[in-house]
Amino acid sequence: MVSEKYDPKGIEGKWQQLWAEQNVFKATEDSPKPKYFCLCMFPYPSGNIHMGHMRNYSIGDLISRYKRMKGFNVLQPIGWDSFGLPAENAAIQRSVHPRDWTLQNIAQMKVELKSMGIGYDWDREVTTCLPEYYRWEQMLFTKFFEKGLAYKKRGQVNWCPKCETVLANEQVQEGACWRCDSPVVVKDLSQWYLKITAYADQLLSGHQQLEKSWPQRVLDMQKHWIGESQGGRIQFQVEGSQEKIEIFTTRPDTLFGVTFVTLAAAHPLAQKLCKTPDALKHLEQIKVAVALRRPDEEIKEKKGFFTGSYAIHPLTGAKVPVWVGDFVVMEYGTGAVMAVPAHDQRDFEFAQTYQLPIKTVIVPNKDEGGAQPMKEAYTGSGFLTESGSFNGQDNETAKTNILKELESKKLGIKTIQYRLRDWGVSRQRFWGAPIPIVYCESCGTVPVPEKDLPVELPMDVTFSGKQGNPLEQHPTFSKTQCPKCQKTARRETDTMDTFVESSWYYARYTDPHCSTGPFAKAKADYWLPVDYYVGGVEHACMHLLYSRFFHKILRDWGFLKGDEPFSRLLTQGMVIKDGAKMSKSKGNVVTPGSILDRFGADTARLFSLFAAPPEKDLDWNEKGVEGCHRFLQRVWRLFYQHQSLLAEAQVAEKEITFSDKCLALRRKTHWMIQKMTEDIESEKFNVAISAAMELVNELYGALTDHDKFFSTPDGKWTLQEAVHSLLLCLAPFAPHMMEELWHEMGNKTFVTCADWPKFRADLLTESKFTLVVQVNGKVRERIEVAKGITKEDVQKLVLGMDKIKPFMEGKTLKQFVYVPERIANVVVV
RNA sequence: GCCUGGAUGGCGGAACUGGUAGACGCGUUGGACUCAAAAUCCAAUUCUCGCAAGGGAGUGAGAGUUCGAUUCUCUCUCCAGGCACCA
């Protein structure tokens, strides 16, 4: 018997335990059902789960449970993205080992997560900071190295003085560290890079198969991030020298408009080409200014100077001066540009400042001169002029033709330039996967052989918070032998960016305890790709790009098949409070713990899904939570009041004659099933829930006639069908309570494992419909009409209506519109 | 500046391929139950004129297409996110 009061605490723990005991969520590869891999972005174990996690996992669990009921073999795993800075900061502040701090947080969060009743296969838990995980990452790194896809280069990097770590460009936000907000400075370090640029084209073309199942904005952001530009590389011979300046341009059609060439200050030739002591002085000044420039700094005026050298125009042979400009970026293209002030706004501004010649070579219309003098560069399309044999060609054709000409003279080549840069993975931190490399004086850079992996993090370390990486300070860690020649050698002390761990964890879930490789191919091939991936949109350009890169790498190395890791992506919005992001500094943090305590997991989950569509921000509103709790209580009470009826055996449907009122209720039941199925499929979870609420409202409404409404045979049948369907449809949203009521209804199996209900189309159809009558597009009347009525009959009916006649007086009928079973519009003038 | 999205009651949000704008929830108001309160149940709730019947306006602003536009087209305003001397 169900108690009168809905007591979530009493039932939630019970069902969580029963699910666990009976391995309801254990996923195996031997099922006859089709597989479904549902994944939420795994959490960083900061200590407590927050509302964002709860929302994320409520969505993932809804999908997982729904798909399970739909007959899929569902895998929903969880793990911990457990390397990272906060653990190290905690180590500095509290003198604990990052490992202990992290594992303790994991234990704590696990308890919280379990109390939410998410259907995880806990046997597949993956913890990235443990050697059994990162040893495979180290193995993969050595493969990157051997294949030439991991390399070292010196370069200027963003350095956070507080975190004492290198930050990726994307980790610098408005000149400040994305984690601690300290201002970022530039530092010169030797770093490890992964050659993601080698996959730029594939990362871009791979979007084709994601076009329909990933949010457009994520695809757009990635596209922008990769930044493909079609163009060419063109060589300018330096006058009186063997040196060549190679430039990249997207506008080879403007080649004849080149009046000078501009180099970045850091360009390798810049120093050599400076002919005067004055120029060298200028070069130093600009170098320093560019290095000190903050990433977000706005540049008002372009600065530069003439080197004193000249370059030879590849087609005209003209002498053009070589300048250095602070607006030319060394990291993009070749670090040198051909300047066409007439058709590039930056070159135009530069030319104005230093009074350099401007030569128009593209005009909007044939036989027309360029505007003189110009106010700004003309960057539109048009026809070539002053361009030798290319005169008169439209500029798009000329792009191809000019490059062809250059190619035939071996002075240029058609290329594609990407904005994407290689991924710097070195971190001067302790709490990360050590990069498995040894530096030997005779053998050079040597990867640690697989038999010697993992390179484990030592336990005996001290954290001062100063002078960078504790691994460097460690007495023995860096002292090792060369794997090749056994001589004394130095071990790499940099660890890997934590994004490396999260780039392949989804594949590890398919075989989390594999000790012979990152995972067995057969298992990965069975489960992958991830069918449904849920997480924050903030990972659009980093994690989601790196994972796609790794997937393609792993495919090319034969570890798995398939081109893309995540078939479908849902980017969920943030949880905010009173219009602002929840944060400790604002003091508006509501923790899931307090909500779980007061209302239970089912209410918390239901609210997370009901309050907003998943992709939008969700404003946390206590009253709204109460509303969801009230709804669950309403379901409970409905059940409680009729529990003896509901527990009775159901008679055959054909033995019952249903009253009109019961038929209407049955229609609502099947409408709900249809609506919920469609809305879940189309990710409109908030609307799905409202359908269940509508059914409950109608059931209560039936009771207002008389409280024994459901006692008649047809009433009882109708109620049983409605409640049965309701429990099934709500099971993915509020699983504990539905499990309890399902059990009380006399079912011996889990509702979690039941089949998703099917709606009966024959019960949804009605013989009548509401005809909306409009006059000149304004609603004037509504009337119940039998379906199948002809247009003629409708017109007769409508024109004879008392409500309609007055609108027609003194006017003539111009048109009569009838949309079958919807609307009639009388058009009069 | 460029690229994406958005803009609907007091609030969160619904609305099929152009066809009843405001589902569902919150809040508010009224009623029932109660000695009373809470809880619960019922009803009303876009604004506006009206005792009412009924009328008028209404989906950021302005135009257009249409019998009919939240939905399609154009222009503009504002908001959010992303990118930015990228050649």
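Throughout, protein chains are lettered first and strands after them, A, B, ... in sequence-line order, and every chain is numbered starting at 1. Only heavy atoms go into these numbers, but all of them, side chains included; no hydrogens, no water, no symmetry mates.
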Roughly how many Å is it from [atom1] in [X] to [atom2] in [N], rounded to a whole number?
| X | N | atom1 | atom2 | value |
| --- | --- | --- | --- | --- |
| Gln633(A) | A39(B) | CD | P | 11 Å |
| Asp619(A) | C11(B) | CG | P | 13 Å |
| Phe769(A) | U20(B) | CZ | P | 13 Å |
| Arg419(A) | G82(B) | CZ | P | 13 Å |
| Met221(A) | C83(B) | CE | C1' | 9 Å |
| Asp617(A) | G12(B) | CG | P | 12 Å |
| Arg217(A) | C83(B) | CZ | P | 12 Å |
| Glu228(A) | C86(B) | CD | P | 17 Å |

Going by purine N1 to pyrimidine N3 plus the second Watson-Crick contact, or the G-U wobble pair, all under 3.5 Å, which nucleotide sits opposite [N]?
| N | result |
| --- | --- |
| C24(B) | G12(B) |
| G81(B) | C3(B) |
| A87(B) | none |
| C41(B) | G31(B) |
| G58(B) | none |
| A52(B) | none |

Lys668(A) with Glu694(A): basic N within carboxylate O range, under 4.0 Å: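 Looking at Glu694(A) together with Lys668(A), the answer is yes, because their closest N to O distance falls below 4.0 Å.
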Ionic contact status for Glu784(A) with Lys768(A), cut-off 4.0 Å: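 Salt bridge absent between Lys768(A) and Glu784(A).
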On the nucleotide [N], are OP1 or OP2 found under 4.0 Å from the side-chain N or O atoms that [X] carries?
| X | N | value |
| --- | --- | --- |
| Asn686(A) | A14(B) | yes |
| Arg421(A) | C86(B) | no |
| Lys616(A) | G13(B) | yes |
| Lys5(A) | A39(B) | no |
| Asn825(A) | U66(B) | no |
| Ser229(A) | A87(B) | yes |
| Arg630(A) | C26(B) | yes |
| Lys778(A) | A57(B) | yes |
| Arg780(A) | G54(B) | no |

For nucleotides [N] and [M], find the distance between their [atom1] atoms and express it as a whole number of Å.
| N | M | atom1 | value |
| --- | --- | --- | --- |
| G10(B) | G64(B) | P | 28 Å |
| C33(B) | A38(B) | P | 15 Å |
| G60(B) | G1(B) | P | 24 Å |
| A44(B) | A57(B) | P | 26 Å |
| G22(B) | U8(B) | C1' | 8 Å |
| U29(B) | A7(B) | P | 31 Å |
| G58(B) | G9(B) | P | 14 Å |
| U70(B) | G82(B) | C1' | 27 Å |

Could you say whether Val779(A) or Thr249(A) is positioned toward the 5' end of RNA chain B, judged by the nucleotide with the nearest heavy atom to each? Val779(A)
On RNA chain B, check which nucleotide each of Glu301(A) and Val827(A) is closest to and give me the residue with the more 5' one. Val827(A)
For [X], report the nucleic acid contact type (base, sugar-phosphate, nothing); a contact means any heavy atom under 4.0 Å.
| X | result |
| --- | --- |
| Val340(A) | nothing |
| Asn697(A) | sugar-phosphate |
| Gln216(A) | nothing |
| Tyr700(A) | sugar-phosphate |
| Gly627(A) | sugar-phosphate |

Begin from the C-alpha positions of Glu331(A) and Arg419(A) and carry the test salt bridge (charged side-chain N to carboxylate O under 4.0 Å, His left out) through to its verdict. CA-CA 9 Å; Glu331(A) 290 76 19; Arg419(A) 204 182 75 93; over 6 Å; no
Between C41(B) and Arg634(A), counting only base atoms on the nucleotide and side-chain atoms on the residue, is there a donor-acceptor pair under 3.5 Å?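 Looking at the base of C41(B), it does not pair with any donor or acceptor on the side chain of Arg634(A) (distance under 3.5 Å).
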Trace of the salt bridge (charged side-chain N to carboxylate O under 4.0 Å, His left out) decision for Lys399(A) with Glu396(A): CA-CA 5 Å; Lys399(A) 275 182 187 173; Glu396(A) 284 306 316; 3.2 Å; yes
Can you tell me how far CG of Leu420(A) sits from CD of Gln417(A), rounded to the nearest 0.5 angstrom? 10.5 Å
d(Arg667(A) CZ, Glu766(A) CD) to nearest 0.5 Å is 3.5 Å
Kindly label the base of G22(B) as syn or anti, based on whether its glycosidic torsion lies within 90° of 0.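 Base orientation: anti.
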Is Trp323(A) close to Leu263(A) at the side-chain level, that is, under 4.5 Å between some pair of heavy atoms? no
Would you say the side chains of Thr197(A) and Asp422(A) form a donor-acceptor pair under 3.5 Å?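 Yes, a side-chain donor-acceptor pair sits under 3.5 Å.
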